[in-house]
Amino acid sequence: MTKNPTWISDWRPEDEAFWNATGKTIARRNLIWSIVAEHIGFSVWLIWSIVTTKLPQAGFHYTTDQLFQLVAVPGLIGALMRFPYTFAVTTFGGRNWTIFSAAILLIPTLSLAYFVGQPDTPFWLMLLIASTAGLGGGNFASSMTNISFFFPDRMKGWALGLNAAGGNIGVSSVQLLTPILMTLAVINLFQASPVDGVFLQNAGLMWVLPIAIAVFGAVFFMNNLTTAKSSIKNQLAVVRRKHTWIMAYLYIGTFGSFIGYSAAFPLLIKTQFPQVTIAIAFLGPLVGSLSRPLGGWLADRIGGSVITFWNFIVMAGATIGVLYFVGHKDFIGFLSMFLVLFVTTGIGNGSTYRMIPSIFREQNLFRVRGKGDAERAVALKTASIESGAAVGFIGAVGAVGGYLIPTGFGKSIALTGGPQLALAIYLGFYASCLALTWWFYLRRSPQGEGASSLAGARV
């Protein structure tokens with residue numbers, strides 16, 4: 001294997017001898033530092049889910065709908081950033097892009113630290129500051145695309161699930177740690193006066209050291225793969241694939257729900273159950289993150305489409321439960337149903353992401369069936385490139401849920417006084433996801449490379 005300090009030119013994860021001799025160790029090292037960087041990215045992305053709950057207390061006179069907008073806009077920007085981030089890995093290298101994408105997280109953290117100490121900040125400017133947190137949302141696309149190249153197909157579900165879970169749990173970290181560290185003056189670098197004992201600026205400053213550690217780790221312990229180099233034109237081919245859009249729709253239902261509910265949960269608790277501390281909000285993202293590898297693991301063994309199908313059924317049931325208990329102002333029931341909902345978003349995240357490389361693998365192998373080993377090898381390489389691009393693209397579309405769900409709750413509360421209208425719309429959406437999963441990936445019918453072959457392959 002030819003290797004310089006940063007680039008690896010010979011990478012054959014499907015070759016078991018190569019994998020056991022050298023590939024496994026290198027892949028796991030890159031996975032570890034990818035998780036670190038992605039974890040911090042998610043934390044920065046969701047900072048405003050906690051900060052917004054404290055802004056009225058700090059003297060900011062924003063409406064409830066405006067507060068939900070501050071929560072939602074990082075989700076929208078994060079989704080948009082995932083498109084260029086997806087192609088950055090194959091253009092600049094996974095290691096190189098991790099260094100850059102981690103370092104620029106200092107922009108949203110330091111700008112937040114300054115402006116939350118200025119209660120006269122107009123809403124439009126605060127919305128602009130909040131939007132920079134979306135930079136953290138872009139990290140997921142590049143991280144997942146990068147890691148998809150390092151592992152053999154049989155381990156992609158586990159590796160991508162672990163990588164995603166490590167990132168997703170950053171949502172829980174920020175919602176658990178931020179309320180605690182905002183009460184401490186020890187890292188109050190701007191020397192602003194606390195409001196009711198709360199140092200809001202610490203919500204940004206607390207991530208400066210972790211960002212520095214992530215950059216250090218990427219510089220010294222990660223690698224670029226020359227085999228992962230590809231033109232943007234070749235990767236954009238996935239946009240013309242029908243299944244790219246179908247999976248993107250399903251991923252709004254799983255990951256979009258996870259990030260959307262995570263962003264909205266603290267403020268939803270604050271508005272619907274004002275007597276309850278928002279510190280409990282971290283439990284939702286925590287169980288959702290921890291269940292994601294389970295979804296990948298189950299998908300590896302049973303089939304991603306089967307797990308996804310049943311998962312949407314449970315998601316729909318949990319949403320009905322949330323609707324019932326929020327209407328009856330029963331917090332224990334509300335929290336219980338929401339935790340079930342979060343678990344299903346995690347399992348669905350893992351199972352849908354496992355489906356993506358399987359679909360592209362089956363579709364490309366179908367096209368070269370009976371054409372010999374050389375054509376098969378080319379098809380597998382094409383599938384690897386396309387699935388890597390699709391992983392990022394689908395992740396970008398799915399992240400739109402981070403904007404749609406908080407916005408939906410804000411509009412629902414503004415129009416009707418409660419979140420029930422938004423929840424009913426989300427329930428209808430899950431029903432459509434259930435139908436699509438069955439029609440395209442579980443239904444057996446004589447359609448050549450369509451539903452029949454994909455169902456038979458247990459994608």
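For the numbers below, each heavy atom of this structure counts, side chains included, while hydrogens, waters and symmetry mates do not.
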A.B. asks: Please report whether the ring centroid of Phe60 lies less than 6.0 Å from that of Phe115.
C.D. replies: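 Ring centroids of Phe115 and Phe60 are no less than 6.0 Å from each other.
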A.B. asks: Aromatic rings Tyr251 and Phe255: how do their planes relate, parallel, tilted or perpendicular, breaks at 30° and 60°?
C.D. replies: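 The arrangement is parallel - the two ring planes meet at less than 30°.
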A.B. asks: For Trp45 and Pro74, indicate whether the former's side chain and the latter's backbone hold a donor-acceptor pair under 3.5 Å.
C.D. replies: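 Side chain of Trp45 to backbone of Pro74: a pair is present.
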A.B. asks: Just checking Trp310: does its CH2 atom have more than 12 heavy atoms from other residues, nucleotides or ligands closer to it than 6.0 angstrom?
C.D. replies: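 Counting other residues, nucleotides and ligands, CH2 of Trp310 stays at 12 neighbours or fewer.
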A.B. asks: So, do Leu283 and Val287 sit near enough that their side-chain heavy atoms are less than 4.5 Å apart?
C.D. replies: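 Not in contact.
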A.B. asks: Would you find a donor on one side and an acceptor on the other, under 3.5 Å apart, between the side chain of Arg82 and the backbone of Gly395?
C.D. replies: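 Yes: the side chain of Arg82 pairs with the backbone of Gly395.
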A.B. asks: Above 12 or not: heavy atoms from other molecules or residues under 6.0 Å from CD of Gln118?
C.D. replies: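 Atom CD in Gln118 is packed in, count exceeds 12.
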A.B. asks: Less than 6.0 Å separating the ring centroids of Phe265 and Phe342?
C.D. replies: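 Yes, they do, as the ring centres are separated by less than 6.0 Å.
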A.B. asks: Short question: side chain of Arg29, backbone of Phe221 - any donor-acceptor pair under 3.5 Å?
C.D. replies: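 Such a contact is found between Arg29 side chain and Phe221 backbone.
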A.B. asks: Determine whether the aromatic ring centres of Tyr353 and Phe258 lie less than 6.0 Å apart.
C.D. replies: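 No; Phe258 has its ring centre 6.0 Å or more from that of Tyr353.
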A.B. asks: So, does Ser387 use its side chain to make a donor-acceptor pair with the main chain of Pro357 at under 3.5 Å?
C.D. replies: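 Side chain of Ser387 to backbone of Pro357, a donor-acceptor pair under 3.5 Å: no, none is there.
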A.B. asks: Ser9 and Thr226: side-chain donor and acceptor closer than 3.5 Å?
C.D. replies: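 Thr226 and Ser9 do not have a side-chain donor-acceptor pair below 3.5 Å.
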A.B. asks: Less than 4.5 Å apart, any side-chain heavy atom of Val276 and any of Leu335?
C.D. replies: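 Heavy-atom side-chain distance check fails, nothing below 4.5 Å.
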A.B. asks: Less than 4.5 Å apart, side chain to side chain, heavy atoms only: is that true for Phe87 and Trp97?
C.D. replies: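 No. Closest side-chain heavy atoms not under 4.5 Å.
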A.B. asks: Given the rule in the side chain to side chain contact (heavy atoms under 4.5 Å, CB included) test, do Lys54 and Val116 qualify, once you have shown the distances and angles that lead to the verdict?
C.D. replies: CA-CA 10 Å; Lys54 301 293 184 182; Val116 292; over 6 Å; no
A.B. asks: Please check if any side-chain donor atom of Thr308 sits under 3.5 Å from a side-chain acceptor atom of Tyr441, or the reverse.
C.D. replies: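 Side chains of Thr308 and Tyr441: no pair found under 3.5 Å.
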A.B. asks: Would you say the side-chain atoms of Thr63 pair up with the backbone N or O of Gln66, donor to acceptor, closer than 3.5 Å?
C.D. replies: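 Side chain of Thr63 to backbone of Gln66: a pair is present.
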A.B. asks: Around Arg240, counting heavy atoms of other residues, nucleotides and ligands shown, do more than 12 lie under 6.0 Å from its CZ?
C.D. replies: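 Counting other residues, nucleotides and ligands, CZ of Arg240 stays at 12 neighbours or fewer.
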A.B. asks: Might you work through the ring pair (Phe, Tyr, Trp, His ring centres under 6.0 Å) test for Phe150 and Trp19, ending with a clear yes or no?
C.D. replies: CA-CA 10 Å; Phe150 275 94; Trp19 177 253; 9.2 Å; no
A.B. asks: Just how far is it from atom CG of Leu181 to atom CG of Leu176, taken to the nearest 0.5 Å?
C.D. replies: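 Nearest 0.5 Å value for the CG-CG distance: 9.0 Å.
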A.B. asks: Examine distances only and state if a side-chain atom of Ser305 and a backbone atom of Val459 form a donor-acceptor pair shorter than 3.5 Å.
C.D. replies: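 Pair found, side chain donor or acceptor close to backbone of Val459.
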A.B. asks: Is the closest side-chain heavy-atom distance between Gln201 and Tyr114 below 4.5 Å?
C.D. replies: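 With C-beta onward as the side chain, the pair stays apart.
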A.B. asks: Considering residues, nucleotides and ligands other than Tyr403, do more than 12 of their heavy atoms fall under 6.0 Å from its OH?
C.D. replies: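 Atom OH in Tyr403 is not packed in, count stays at 12 or less.
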A.B. asks: For Gly94, does its backbone N or O pair with a side-chain atom of Asn224 as donor and acceptor, under 3.5 Å?
C.D. replies: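 Yes, the answer is positive, given that a donor and an acceptor are paired below the 3.5 Å cut-off.
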A.B. asks: Any luck finding a side-chain donor-acceptor pair between Tyr249 and Ser432 under 3.5 Å?
C.D. replies: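 Distance-only check passes for Tyr249 and Ser432.
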A.B. asks: How about Asn139 and Leu105: do any of their side-chain heavy atoms sit closer than 4.5 Å?
C.D. replies: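 Yes, at least one pair of side-chain atoms sits under 4.5 Å.
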A.B. asks: Answer yes or no: is there a donor N or O on one side and an acceptor on the other, between the side chain of Asn349 and the main chain of Arg292, under 3.5 Å?
C.D. replies: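 The answer is no, because no donor-acceptor pair under 3.5 Å joins these two groups.
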A.B. asks: May I ask you to decide if Trp297's main-chain N or O and Arg301's side chain share a donor-acceptor pair within less than 3.5 Å?
C.D. replies: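 A pair under 3.5 Å: yes.
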A.B. asks: When you compare the side chain of Asn146 with that of Met222, does any pair of heavy atoms fall below 4.5 Å?
C.D. replies: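 A side-chain contact exists here, since the closest heavy-atom pair is under 4.5 Å.
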A.B. asks: Under a 4.5 Å cut-off applied to non-hydrogen side-chain atoms, are Leu341 and Ser257 in contact?
C.D. replies: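 They are not in contact (no side-chain heavy atoms under 4.5 Å apart), so the answer is no.
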A.B. asks: Looking at Thr352 and Gly348, would you say the former's side chain and the latter's main chain have a donor-acceptor pair under 3.5 Å?
C.D. replies: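 Between the backbone of Gly348 and the side chain of Thr352 there is a qualifying donor-acceptor contact (under 3.5 Å).
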A.B. asks: May I ask you to test the Leu267-Phe68 pair for a side-chain heavy-atom distance under 4.5 Å?
C.D. replies: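 A side-chain contact exists here, since the closest heavy-atom pair is under 4.5 Å.
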